[in-house]
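Before any comments, here is the structure.
Not measured: the values here are computed from a predicted model. We count residues from 1, following the sequence as given.
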Amino acid sequence: MADTGLSRNTNTAGPMEVRFRGGGFAPKSRRWVGVLVFVVLIALIQWGTESGWISALTLPKPTDVLATFGELWQSGLLFKHLQPSLTRLAVGAAIGASAGIAIGILIGLFSYVRAGLVPLVAAIFPIPKIALLPLFVIWFGIDEGSKYALIAFGTCTPTVVATYGAVDNVDRSLIRMGQSFGLSWLSIVRKIVLPGAMPGILSGLRISLAIAIILLVAAEMLGAEYGIGAYILEAGALYDLERLFAGVVILSLLGVIVSASIGMIERRVLGWRT
């Protein structure tokens, strides 16, 4: 009888609908949460510095840093430092990321390229790229060439690793399905391999571009008159915490903008996942 009642209750409840999402548990947009975290953090720092709980030698007041931004804007120094930094970052990262994606795809598709280049990439990847800056200065001079080369080289190697790893992780059953339908090799690469590898490639670009910003600062601290790195170096030499943190905030905002740009590309290119 108990079994009969259980089956009756199950039948009356009806089947439970399970909504399918191609991307699994797709996250919902909650942008205001991130803004709220920044606001709360800044408010806590402001309260701590004003109350004396945080020493003025440790952190400056956020209001003082904001005033420093206003001075930079009014004097025109903000654009004098920002324009060369953005140019160096854009040129160096574009060269490095393009070369890294191309090399990574070749490694993922061709066995002979993999056999020849994977050991080379494994040997180069652990080298601290900042340590190679003097060598790039010797090769390309102290002007813009060495800065472009350092950023490109530092961006290329992690992009290579992320790209051929993404190609390797493409579902082989989809490739076999394409072969069974008579697709050509080029069609399989263009319609199956590259779209399947795109999530991993874009995730690798997030890391590579963050590394590019780090290398940009290091490159500008050597022989650059203008640039965010040169500005931070000068502020640190003068123990000017307001200017120093203003430069750090600029780099943080640059990182947020780069990450948001990658996110926009993901939503546009990877819309098929949802």
Side-chain angles (χ1 to χ4, degrees), residues 25 27-90 93 128-131 133 147 150-151 154-155 158 203 205-264 266-267:
F25 297 99
K28 297 181 180 179
S29 178
R30 297 287 188 268
R31 296 180 181 178
W32 60 270
V33 177
V35 176
L36 181 62
V37 169
F38 277 106
V39 171
V40 171
L41 181 60
I42 293 172
L44 287 175
I45 295 174
Q46 182 71 27
W47 170 80
T49 51
E50 288 183 349
S51 63
W53 183 65
I54 299 176
S55 172
L57 298 176
T58 304
L59 287 175
K61 294 180 181 179
T63 51
D64 293 340
V65 175
L66 184 61
T68 303
F69 270 111
E71 295 173 0
L72 282 172
W73 179 279
Q74 293 175 358
S75 63
L77 283 176
L78 178 62
F79 295 101
K80 281 188 177 180
H81 288 291
L82 195 57
Q83 190 271 335
S85 292
L86 293 178
T87 301
R88 292 162 186 154
L89 180 65
K129 308 306 182 291
I130 296 178
L133 180 56
K147 298 174 179 58
L150 179 67
I151 296 170
T155 307
S203 297
L205 280 180
R206 287 182 183 270
I207 300 174
S208 300
L209 294 178
I211 294 173
I213 295 175
I214 297 172
L215 296 175
L216 168 69
V217 176
E220 290 182 339
M221 286 184 174
L222 181 62
E225 182 180 2
Y226 292 105
I228 304 302
Y231 176 79
I232 292 176
L233 181 64
E234 180 183 357
L238 297 174
Y239 294 96
D240 191 339
L241 285 183
E242 287 78 12
R243 293 177 60 193
L244 179 61
F245 273 85
V248 172
V249 169
I250 292 173
L251 293 176
S252 298
L253 292 175
L254 187 58
V256 170
I257 292 172
V258 168
S259 179
S261 301
I262 296 293
M264 290 176 60
E266 285 181 340
R267 288 190 294 271

Considering non-hydrogen atoms only, spot the tightest contact between [X] and [Y] and give its length.
X: M221; Y: G229; result: CG-O, 3.6 Å
X: Y226; Y: R88; result: O-NH1, 2.9 Å
X: R243; Y: L238; result: NH1-CD1, 3.7 Å
X: S85; Y: E220; result: OG-OE2, 2.7 Å
X: I151; Y: A212; result: CG2-CB, 3.9 Å
X: E242; Y: P60; result: OE2-CB, 3.9 Å

Kindly compute the distance separating [atom1] ([X]) from [atom2] ([Y]), expressed to the nearest 0.5 Å.
X: K129; Y: I211; atom1: NZ; atom2: CD1; value: 7.0 Å
X: L78; Y: Q83; atom1: CG; atom2: CD; value: 11.5 Å
X: W47; Y: I54; atom1: CH2; atom2: CD1; value: 8.0 Å
X: T63; Y: I45; atom1: OG1; atom2: CD1; value: 11.5 Å
X: Q46; Y: D64; atom1: CD; atom2: CG; value: 7.5 Å

Expected output: side-chain T68 to main-chain A246 donor-acceptor under 3.5 Å: no
Using modelled atom types and a 3.5 Å cut-off, is there a donor and acceptor pairing between side-chain atoms of S259 and backbone atoms of G255?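 Not confirmed, S259 side chain does not pair with G255 backbone.
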Any side-chain heavy atom of [X] sitting closer than 4.5 Å to one from [Y]?
X: L82; Y: I228; value: yes
X: K147; Y: L222; value: no
X: L59; Y: F245; value: yes
X: L254; Y: L86; value: yes
X: I213; Y: L209; value: no
X: T155; Y: L215; value: no

May I have the step-by-step check of side chain to side chain contact (heavy atoms under 4.5 Å, CB included) for Y231 and L77, ending in yes or no? CA-CA 10 Å; Y231 176 79; L77 283 176; 5.8 Å; no
